[in-house]
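A, B, ... follow the sequence lines: proteins, then strands. Residue 1 opens every chain.
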Number of protein chains: 2
Amino acid sequence: MSDRQARKQAVTQADVARHAGVSGAVVSYVVHGGPRPVAAETALRVRASIEALGYRPNASAAALRTGSSKLLGLVVPDIGNTLWADLTVAAGRCAADRGYDLITASSEGSATIERQHLQSLAGRQVEGLLVTVVDMVDPDVAGITGTGIPTVLLNVFSDAPGVSSIGVDARRGAADGVTHLLGHGYRDVGLIIHPDETVELREQGWEQALGSRGPIERGPSTRQGGYEAALRLFGRPDRPRSVFVSSDMQAIGCLRALWELGLRVPEDVAVVSFDGAADSAFTTPPLTVVRQPVGLMARQAVDLVLDGGPARRIVEPATLTVRKSCGC
Amino acid sequence: MSDRQARKQAVTQADVARHAGVSGAVVSYVVHGGPRPVAAETALRVRASIEALGYRPNASAAALRTGSSKLLGLVVPDIGNTLWADLTVAAGRCAADRGYDLITASSEGSATIERQHLQSLAGRQVEGLLVTVVDMVDPDVAGITGTGIPTVLLNVFSDAPGVSSIGVDARRGAADGVTHLLGHGYRDVGLIIHPDETVELREQGWEQALGSRGPIERGPSTRQGGYEAALRLFGRPDRPRSVFVSSDMQAIGCLRALWELGLRVPEDVAVVSFDGAADSAFTTPPLTVVRQPVGLMARQAVDLVLDGGPARRIVEPATLTVRKSCGC
DNA sequence: CTGAAAGCGCTTACAG
DNA sequence: CTGAAAGCGCTTACAG
């Protein structure tokens with residue numbers, strides 16, 4: 001067993017240089033293909049030494065020297081929400097395409113944890129920050145902009161200077177979903193949505209399309225939250241014949257509640273939800289959804305933070321994807 | 001707008017030192033509470049300067065100096081698989097508890113990408129590596145051990161020196177699941193499992209409990225893969241009355257296929273699956289599962305890589321969680 | 001085409 | 001209790 005393996009000491013540039021009989025600079029030149037030219041024969045020798053020694057440049061040292069960490073940060077409230085899981089996958093892929101690694105942090109629904117992660121990521125000199133905020137009503141903009149790192153918000157539009165936003169027109173998307181239900185002839189459309197009592201775009205879209213307010217039940221954007229909200233909504237005597245659910249996670253919980261209640265979808269209750277994450281196509285029955293294009297949003301977000309330029313606000317359409325739960 | 005904000009230049013220790021009228025060493029002492037004592041009054045002044053300037057220590061510099069990156073790496077085949085999403089969340093939480101950040105990389109089912117991520121993580125000097133390998137039959141152990149970083153495998157047991165493994169007794173878990181189905185009186189139990197034709201523990205457990213081999217359909221461990229496999233399995237004339245599915249993802253696809261086929265669960269077909277991720281409790285009907293304790297596994301894995309010590313092999317029980325899909 | 005040297009921002013013996 | 005200085009492993013002008 002070689003010395004380096006025995007000690008678990010990393011091989012450094014200096015080790016390679018010594019082994020190849022060149023200076024550290026030359027090693028760096030061949031690793032990066034520049035900025036100075038290297039004689040073909042020398043390069044060959046260096047590459048052989050790199051291979052033989054198993055050299056991998058120390059990313060911390062490179063980051064310190066160049067000021068570029070090749071790191072992107074992503075903060076989501078909950079990776080257990082498949083929409084954010086989808087987003088994480090897409091962002092990771094885009095980052096990798098550009099030679100970046102992604103540090104993903106879950107704030108677990110807590111603004112405090114969110115802020116801690118943001119601070120930590122800033123300390124790691126991430127070169128861009130993608131964040132889906134916990135508190136959509138009053139995002140911790142100070143904690144976000146204070147880092148001075150190019151940032152894009154993915155679930156809320158902010159006017160804060162220097163912060164970009166990418167998202168869908170949620171009000172319109174919700175209105176489209178509700179309108180579709182209305183088109184099936186349902187007069188009443190219930191709503192299951194998260195607990196923020198304040199202005200919420202999806203709620204506005206629902207109300208707007210309905211022309212009035214119907215029965216609402218609130219709960220967290222989780223499967224369990226949707227399950228409990230649906231139990232309340234459909235447990236009452238005047239239960240609605242259809243429901244618009246503000247997230248796939250809640251809709252999945254809702255489907256289970258309806259099943260337990262012995263109500264068939266869509267025969268007894270028609271369901272349309274917001275998000276359109278991967279699993280929404282595999283429920284029983286498959287959910288008709290208003291889809292957020294997270295793959296596209298992730299790519300744009302990565303491009304935005306990495307390509308510099310002024311803060312922007314990008315609105316993508318949320319499009320209705322008709323499956324079975326609406327009764328079509 | 002202050003100079004530093006205008007330039008987006010990070011505040012350094014030297015800036016704080018100048019502002020507080022002390023040396024850089026003292027700034028470091030108060031940030032870390034040591035290793036040298038600092039006069040209370042001085043510390044107060046330094047903390048005020050840190051606050052005023054918005055100083056955050058450069059993690060790359062600290063990592064370079066101390067040799068400790070405070071970073072853990074996690075490589076999974078697919079974050080879209082809720083089991084791995086659950087694992088990612090749990091590992092992130094455990095890492096955070098110990099002051100570490102987690103870099104999560106998705107190998108997207110490709111051994112090549114897996115190796116690239118491993119190399120990249122090694123270059124970042126992560127202090128521990130948790131990996132669920134793509135190829136369970138012939139994992140890229142060289143690519144894993146070659147990094148010299150404490151590593152734990154989470155979905156396969158390896159004999160490779162210096163590599164720990166944590167996992168469930170998959171054969172026994174599968175056998176328990178099949179036995180449960182047998183206990184309901186079903187004579188035939190089909191199997192839906194991933195395509196590796198070679199020795200697979202879950203397949204062995206199924207065969208062992210059954211005492212023979214029943215109908216098998218293979219496909220990737222995704223919702224779509226399970227959907228297609230189930231369409232084949234239940235499309236044939238001699239379709240089985242029950243099925244053991246080797247992952248929740250496939251089981252979810254299977255449920256959709258059964259629904260499309262007009263077969264009721266559990267009345268027409270009883271289903272038990274392996275994994276027990278968060279969403280398995282919210283299908284229609286809720287899945288009876290053989291559960292992998294990923295939260296526990298994540299904690300043990302983090303402890304193992306961080307606490308040093310020799311490579312270990314930890315086997316956790318996979319326990320049957322009875323819900324509705326089995327007909328109980 | 002190649003090498004010697006400075007310096008990125010920290011932490012930590014060491015000296016006072 | 002505090003400070004001056006070395007050095008972690010790189011990259012990159014600069015000189016040759």
Value in whole Å for how far the P atom of D:dC1 lies from CG of B:Leu44: 15 Å
B:Ala311: side chain to side chain contact (heavy atoms under 4.5 Å, CB included) partners, not counting sequence neighbours: B:Ser164
Interatomic distance where CZ belongs to B:Arg18 and P belongs to C:dC10 [whole Å]: 12 Å
Nucleotide-level pairing of DNA chain C, given in dot-bracket where Watson-Crick and G-U pairs need both distances under 3.5 Å and | marks other strands: |||.||||||||.|||
Going by atom type alone, with no hydrogens or angles, which donor-acceptor pairs under 3.5 Å involve a side-chain atom of residues 292-308 of chain B and a protein atom two or more places apart or on another chain?
| unit_1 | atom_1 | unit_2 | atom_2 | d |
| --- | --- | --- | --- | --- |
| B:Gln292 | NE2 | B:Asp275 | OD1 | 3.0 |
| B:Arg299 | NH2 | B:Asp97 | OD2 | 3.2 |
| B:Gln300 | NE2 | B:Glu316 | OE2 | 3.1 |
| B:Asp303 | OD1 | B:Arg98 | NH1 | 3.0 |
| B:Asp307 | OD1 | B:Arg98 | NH1 | 3.3 |
| B:Asp307 | OD1 | B:Arg98 | NH2 | 2.7 |

Euclidean distance, B:Leu121 CG relative to B:Ile149 CD1, rounded to 0.5 Å: 7.5 Å
Short side-chain N/O contact from B:Thr42 to OP1 or OP2 of D:dC1, under 4.0 Å: no
Partner set under side chain to side chain contact (heavy atoms under 4.5 Å, CB included) for A:Thr112, not counting sequence neighbours: A:Ser110, A:Gln116
Pairs flagged by side chain to side chain donor-acceptor pair (under 3.5 Å) wherever residues 54-80 of chain B is involved - sequence neighbours left out: B:Ser68-B:Glu127
Enumerate donor-acceptor pairs with a distance under 3.5 Å from any side-chain N or O in residues 27-43 of chain A to protein atoms, sequence neighbours excluded.
| unit_1 | atom_1 | unit_2 | atom_2 | d |
| --- | --- | --- | --- | --- |
| A:His32 | ND1 | A:Ser28 | O | 3.1 |

d(NZ, A:Lys70; P, C:dC8) in whole Å: 21 Å
Rounded distance in Å - CZ (B:Arg45) to P (D:dC1): 14 Å
Heavy-atom protein contacts under 4.0 Å, nucleotides 11-16 of chain D, coded B base, S sugar-phosphate only, - none: BBB---
Distance in angstrom units between A:Gln125 CD and C:dG9 C1', rounded: 9 Å
A:Arg124 CZ - C:dC10 P separation (whole Å): 14 Å
Side chain to side chain contact (heavy atoms under 4.5 Å, CB included) partners for B:Thr82, two or more places apart: A:Thr82, A:Arg223, B:Arg223, B:Met249, B:Ala277, B:Asp279
For A:Thr104, side chain to side chain contact (heavy atoms under 4.5 Å, CB included) partners two or more places apart: A:Leu74, A:Ile79, A:Thr88, A:Leu102
Rounded distance in Å - CZ (A:Arg56) to P (D:dG9): 14 Å
Heavy atoms of other groups near A:Arg313 CZ, more than 12 under 6.0 Å: yes
Toward the 5' end of DNA chain D, by each residue's nearest nucleotide, B:Ser23 or B:Leu64: B:Ser23
